[in-house]
Amino acid sequence: MKANRIQAYGSSEQLKYEEIPVPTINDDQLLVRVYATSVNHLDLKKSIGSDEK
């Protein structure tokens, strides 16, 4: 599966789009397939280490 991950504090270049293993789930859990998502300004502020809202 693909994931957009923040690898370290810094610029938006720290967001890495990569292949990761599919999580294993228990009998009382379910796995949801997500077709689309976004990165917003709060994600970018988090990646530079800002606590501002």
Side-chain angles (χ1 to χ4, degrees):
M1 80 187 228
K2 299 288 185 179
N4 234 346
R5 293 175 152 180
I6 298 172
Q7 298 294 326
Y9 288 116
S11 68
S12 61
E13 294 172 356
Q14 296 302 322
L15 286 171
K16 302 295 181 191
Y17 184 66
E18 57 193 13
E19 185 75 31
I20 63 169
V22 175
T24 57
I25 59 172
N26 297 325
D27 291 338
D28 61 341
Q29 297 175 322
L30 62 105
L31 185 62
V32 177
R33 180 175 291 182
V34 176
Y35 286 98
T37 187
S38 65
V39 176
N40 63 45
H41 68 282
L42 295 176
D43 298 318
L44 295 176
K45 284 184 178 182
K46 175 98 174 161
S47 73
I48 61 173
S50 175
D51 287 335
E52 292 181 26
K53 296 198 170 115

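Heads up: numbering here begins at 1 and tracks the sequence. Predicted, not measured: the structure shown is a model, and the values here were computed from it.
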Shortest non-hydrogen contact from Leu31 to Ile25? N-CD1, 3.9 Å

Closest heavy-atom pair, Val22 versus Met1, reported as atoms and distance to 0.1 Å, is CA-SD, 4.0 Å

Please determine whether side chain to side chain contact (heavy atoms under 4.5 Å, CB included) holds for the pair Lys2 and Glu18, giving the CA-CA distance in whole Å, both sets of side-chain angles, and the decisive distance to 0.1 Å. CA-CA 6 Å; Lys2 299 288 185 179; Glu18 57 193 13; over 6 Å; no

Hydrophobic cluster membership, Val39 vs Ile6, 4.5 Å side-chain cutoff: yes

Asp28, CG atom: more than 12 neighbouring heavy atoms under 6.0 Å: yes

